[in-house]
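Structure, as structure tokens:
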Amino acid sequence: MDKTVKNAKEAIEGIRDNMTVMFGGFGLCGIPENTIMELSKTNIKGLICISNNCGVDDFGLGLMLKNHQIKKMVSSYVGENAEFERQMLSGELEVELLPQGSLAEKIRAGGAGIPAFYVPAGYGTEVGIGKESREFNGQMHLLEHALTADFAVVKAWKGDTAGNLIYKYTANNFNSMMAMAGRITIAEVEELVPVGELDPNFIHTSGIFVQRIFQGVDYEKRIEQLTLSKQ
Amino acid sequence: MALDKNQIAARIAREIKDGNYVNLGIGIPTLVANYIPKGIIVTLQSENGMLGMGPFPTMETVDADLINAGKQTITYLPGASFFDSATSFAMIRGGHVDVTILGAFEVSEKGDIASWKVPGKLIKGMGGAMDLVASAKNIIVAMQHTNKEGQSKLLKECTLPLTGVNCVKRIVSDLAVLDVVGKGFKLIERAPGVSVEQIQKATEGTLIVEGDIPEIIF
């Protein structure tokens, strides 16, 4: 089955105002640069975005934030972005902060058909306010509900036309789970190959989870904290 | 003499045993990697999705796809593995990570920790800290004993929003090594030249002192 679309423009067909969209990546590592750039050129607005972080002021989801396309962010850490702070303090942007592991598992559960689950993270903190709690094995846990999205946008290193994906190093992060949790999942890859060229023993995301795939262009792969050894 | 950041890190490194899988937080905990005793094998976990974290790269080996949880560029060691965030937190939540070392604004005598939010200041988020403190078997906190105004950060009750409850096992501050034993902070070791009285004065929570308290030897 060939799931190839031409480019980011074709890939985002059907994303509308007020939809929920997941974006893979940790910081700027493994973010779907092409699709974010393309969305930032549209007038689509009111989006609920689920992403561990929200880019930086002039890159990644920061671009869409600057255009006021995002109504709400669901994230675990959002500290790298001055415009984010401004919009949050002024009330323009709604923010739901979640423990990173709970966020990851909520997305995994969404993709795996598990409506909710218990975790210890956040019990006794403000994250637990309004959530059901229950004791298991002598420890208190919070009920966390699964997350799904109208669209999930992920970035992989290599992919084939059937949608099988391989990530590189730590650029996997939230991409694997989000690929499972989107009703429509868009994958952008650095290298798109015909079916049969990827070793099936080393596929991270099976093609079943991916509906659209394209080879991205001009990857900038910006580094947030360039840190080098002294020697 | 109170310990400096590197001395706090060096003292914490002694808590790490051969074969341990260890998660190091941002700040002083990151420095612990520099003091892991020779001859033991320790695997560092980074919650953004890797085991077997190595030192920072050179300009020639830097790769934007290879970062740690602080978003710094890093390298990997032989035997390393990469995985997604859900698997990473399965390692943490499932108790597979042996030791977690992180910083704190405040710790209470019950082992509650506040480390992510100061009301009125920029809210950045908790990242993985709430997952780590709720699940790790052995949580060691690296912190300053008092704030810049000299007020204690080892309290009866935390005043800042909590990261987790009843979870901290051991604290290494600039003044002392202390265990959280439920009824208070049990003094284990003193920084060289720091008296029990000085530590008592800097500790708002209950300080438990039993017998002679040795100095940390470097």
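Please read all numbers here as calculations on a predicted model, not as lab measurements. Chain identifiers are assigned alphabetically (A, B, ...) following the order of the sequence lines, protein sequences preceding nucleic acid strands; residue numbering begins at 1 within each chain.
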Completion exercise
Of B/G127, B/G49, B/A86, the largest count of non-hydrogen pairs under 4.5 angstrom with chain A goes to B/G127
Exercise for the section: Flag the pair B/Y76 / B/F82 as yes when their ring centroid distance falls below 6.0 Å, and as no otherwise. Expected result: yes
Practice task
Side chain from CB out, backbone as N, CA, C, O: work out which of these in B/F56 comes under 4.5 Å of a heavy atom of chain A, or both, or neither.
Solution key: both
Handout entry: Face-on cation placement of B/K153 at B/F105 ring, 6.0 Å and 45° thresholds
Key = no
Problem - A/N164 to A/L198 - nearest heavy-atom pair and separation - result: O-CD1, 3.8 Å
Exercise for the section: Tell me, for A/E96 versus chain B, whether the close heavy atoms (under 4.5 Å) come from the side chain, the backbone, both or neither. Expected result: neither
Problem - Lys/Arg N to Asp/Glu carboxylate O, B/E157 vs B/K110, below 4.0 Å - result: yes
Problem - Lys/Arg N to Asp/Glu carboxylate O, B/D179 vs B/K169, below 4.0 Å - result: no
Problem - Contacting region of A/L103 [heavy-atom separation from chain B under 4.5 Å] - result: neither
Exercise for the section: Grab the two heavy atoms, one from A/L28 and one from A/G55, that are nearest each other, plus how far apart they are. Expected result: CD2-CA, 3.9 Å
Exercise for the section: Decide, yes or no, whether a salt bridge links A/K155 with A/E33 under the criterion of side-chain N to carboxylate O below 4.0 Å. Expected result: no
Practice task
Quick one: pull up CG in B/N20 and CD1 in B/I40 and give me the separation to the nearest 0.5 Å.
Solution key: 7.0 Å
Exercise for the section: May I ask you to say whether A/K158 pairs ionically with A/E190, meaning some side-chain N is under 4.0 Å from a carboxylate O? Expected result: no
Fill in the blank from the handout: Interface check, chain A: of B/T61, B/D63, B/I92, most non-hydrogen pairs under 4.5 Å belong to B/D63
Handout entry: Residue, of A/C29, A/S76, A/G124, that accumulates the most heavy atom pairs under 4.5 Å with chain B
Key = A/S76
Practice task
Among the options A/Q139, A/M88, A/R108, A/E85, pick out the one with the most heavy-atom pairs lying under 4.5 Å from chain B.
Solution key: A/E85
Practice task
Can you tell which part of A/N81 gets under 4.5 Å to a heavy atom of chain B, answering side chain, backbone, both or neither?
Solution key: neither
Completion exercise
If one checks every heavy atom of B/N68 against chain A at 4.5 Å, the contacting part turns out to be backbone
Practice task
Please determine if A/K66 and A/D58 form a salt bridge, counting it only when a charged side-chain N lies under 4.0 Å from a carboxylate O.
Solution key: no
Fill in the blank from the handout: If one checks every heavy atom of B/F83 against chain A at 4.5 Å, the contacting part turns out to be backbone
Completion exercise
Turns out that what part of B/T163 lies under 4.5 Å from chain A's heavy atoms comes down to backbone
Handout entry: Interchain contact, A/I223 with chain B, by part (heavy-atom threshold 4.5 Å)
Key = side chain
Problem - Winner by heavy-atom pair count (cut-off under 4.5 Å) against chain A, out of B/G125, B/G128, B/A134, B/S85 - result: B/S85
Problem - Most chain A-contacting option - heavy-atom pairs closer than 4.5 Å, from B/E47, B/K71, B/Q72, B/M50 - result: B/K71
Exercise for the section: Select, from A/M177, A/H204, A/E105, the one with the greatest count of heavy-atom pairs under 4.5 Å involving chain B. Expected result: A/M177
Problem - Options A/Y77, A/F174, A/Y169, ranked by heavy-atom pairs under 4.5 Å with chain B, top entry - result: A/Y169
